[in-house]
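Written below as structure tokens is the structure these notes are about.
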Amino acid sequence: MSYGNKSIIKLEKEFGLHRGLLTDWRQKHEKWGNDNFKAEYFSRLRLENGKIQELEKKIKHIEEKFQILKAAGRYLNEEAAGLLNFIQKNEKKYSIRLMCNVLDVNRSFYHKWKRNIPTKTQKLKAIRQQKIKEAFFNSQQRYGALRIAAMLQNDGFQISISTVKRYMKEMGLQCNIKKGLLPSEVILYNFV
């Protein structure tokens, strides 16, 4: 390696290299020759490029997470259904796994929701509501929650009166016949 009339220290300053680097390179070149010197250089270069690519991949991943959070911002304070609808709408834009991870939604829960498979409780509720509806309309809308609960219990269903009331209220079923006055109420009416 020739450097003319300049010293190695002056060359290192001229090229902006730290002190001793050229000496180190020259010693390695003398020891291993041109081929090994290039191989070591390229192996270091490949290693650094690999690290750079890994960091770029991480940056891209973080930017994608940020985009998901930015797009889903208005759904974050809503119920789970809002987030699930957001995930379904953006399936083609982002991966389901990433969206579920970022939005803290269980993937299996999302897939069950998407397939709309009812749970055992939902199936039982649907059966009970159907039986209540049948009993209500078979009685020509005269039976209330008390009688319908008794009928269902006689048929083998384990259901309480309050549950029958709640289901009837949810379905909008209301008895047409009102209870008459009790004897104590009749006495109060006579005195007033």
Side-chain angles (χ1 to χ4, degrees), residues 53-192:
Q53 287 175 346
E54 187 179 319
L55 289 172
E56 286 174 346
K57 191 176 180 180
K58 284 181 181 179
I59 290 169
K60 183 180 176 186
H61 188 68
I62 290 169
E63 285 175 350
E64 197 171 17
K65 282 182 174 183
F66 176 73
Q67 291 299 323
I68 291 170
L69 282 173
K70 187 176 174 184
R74 65 181 184 180
Y75 300 103
L76 292 176
N77 290 333
E78 293 182 11
E79 293 180 11
L83 283 176
L84 296 171
N85 284 325
F86 171 79
I87 293 171
Q88 189 176 23
K89 287 176 189 174
N90 292 290
E91 276 183 354
K92 294 180 180 168
K93 191 173 182 181
Y94 307 108
S95 75
I96 294 172
R97 178 179 294 215
L98 182 62
M99 285 190 287
C100 288
N101 185 354
V102 170
L103 300 173
D104 199 28
V105 174
N106 191 323
R107 265 189 303 148
S108 62
F109 176 74
Y110 168 71
H111 287 295
K112 282 180 185 176
W113 173 83
K114 190 175 174 186
R115 287 190 303 259
N116 200 12
I117 298 172
T119 62
K120 289 180 184 179
T121 309
Q122 290 171 332
K123 289 176 186 177
L124 184 61
K125 182 178 179 177
I127 292 169
R128 286 177 172 177
Q129 285 179 333
Q130 183 61 35
K131 291 292 184 182
I132 291 169
K133 209 180 278 188
E134 286 174 10
F136 183 74
F137 288 111
N138 287 343
S139 70
Q140 297 172 351
Q141 301 178 6
R142 291 185 186 150
Y143 288 0
L146 185 66
R147 274 192 172 172
I148 291 174
M151 285 176 57
L152 291 176
Q153 287 169 354
N154 288 339
D155 289 343
F157 283 92
Q158 290 182 340
I159 191 165
S160 68
I161 298 166
S162 61
T163 305
V164 174
K165 280 183 185 177
R166 188 175 69 244
Y167 288 169
M168 287 179 72
K169 189 175 182 179
E170 286 175 9
M171 293 185 290
L173 304 177
Q174 194 172 18
C175 181
N176 288 336
I177 297 176
K178 302 292 181 195
K179 285 185 178 179
L181 295 174
L182 297 173
S184 61
E185 292 172 334
V186 172
I187 295 171
L188 289 175
Y189 268 115
N190 290 338
F191 290 116
V192 177

> Any side-chain heavy atom of Leu98 within less than 4.5 Å of one from His61?
Replying inline: yes
> Would you call Trp113 and Asn85 a side-chain contact if the rule is heavy atoms closer than 4.5 Å?
Replying inline: yes
>> Could you tell me if the side chain of Gln67 sits less than 4.5 Å from the side chain of Tyr94, heavy atoms only?
In response: yes
> Is Tyr110 close to Gln88 at the side-chain level, that is, under 4.5 Å between some pair of heavy atoms?
Replying inline: yes
>> Within a 6.0 Å radius of atom CZ on Arg128, are there more than 12 heavy atoms belonging to other residues, nucleotides or ligands?
In response: yes
> Under the side-chain contact (heavy atoms from CB on, under 4.5 Å) criterion, do His111 and Ile96 qualify, and how do the steps go?
Replying inline: CA-CA 10 Å; His111 287 295; Ile96 294 172; 4.1 Å; yes
> With side chains defined as the heavy atoms from C-beta onward, is the minimum distance between Phe157 and Ile127 less than 4.5 Å?
Replying inline: yes
>> Applying side-chain contact (heavy atoms from CB on, under 4.5 Å) to Val164 and Leu146, what does each step give before you reach the verdict?
In response: CA-CA 8 Å; Val164 174; Leu146 185 66; over 6 Å; no
> Should we count CZ of Phe86 as having more than 12 external heavy atoms under 6.0 Å?
Replying inline: yes
> Could you give the distance from CD1 (Ile148) to CD1 (Ile161), rounded to the nearest 0.5 Å?
Replying inline: 11.5 Å
>> Which heavy atom of Ser160 sits nearest to which heavy atom of Gln153, and what is that distance?
In response: CA-NE2, 4.3 Å
>> Which heavy atom of Ser139 sits nearest to which heavy atom of Phe136, and what is that distance?
In response: OG-O, 2.8 Å
>> So, taking the atom named CD1 in Ile132 and the one named CD in Gln130, what distance separates them when rounded to the nearest 0.5 Å?
In response: 10.0 Å
> How far does CZ of Arg166 sit from CD of Gln129, to the nearest 0.5 angstrom?
Replying inline: 9.5 Å
>> Tell me the closest heavy-atom pair linking Met168 and Gly144, and the distance in Å.
In response: SD-C, 4.3 Å
> Is the closest side-chain heavy-atom distance between Thr121 and Lys125 below 4.5 Å?
Replying inline: no
> How far does CG of Asn77 sit from CG of Leu83, to the nearest 0.5 angstrom?
Replying inline: 9.5 Å
>> Working note: Glu134 + Lys131, criterion side-chain contact (heavy atoms from CB on, under 4.5 Å); need CA distance, chi angles, decisive distance, verdict.
In response: CA-CA 5 Å; Glu134 286 174 10; Lys131 291 292 184 182; 4.0 Å; yes
> Is Asp155 atom CG crowded by more than 12 heavy atoms from other residues, nucleotides or ligands, each under 6.0 Å away?
Replying inline: yes
> Do you know which two heavy atoms are closest between Cys100 and Ile87, and how far apart they sit?
Replying inline: SG-CD1, 4.0 Å
> Nearest heavy-atom pair of Ala145 and Lys165: which atoms, and what distance?
Replying inline: CB-CG, 3.3 Å
>> So, taking the atom named CZ in Phe109 and the one named CG in Leu84, what distance separates them when rounded to the nearest 0.5 Å?
In response: 5.5 Å
> Side chains of Lys133 and Tyr167: closer than 4.5 Å at any heavy-atom pair?
Replying inline: no
>> When you compare the side chain of Lys60 with that of Glu56, does any pair of heavy atoms fall below 4.5 Å?
In response: no
>> Whether the side chain of Gln141 engages the backbone of Gln174 through a donor-acceptor N/O pair (distance < 3.5 Å, no angle test) should be reported.
In response: no
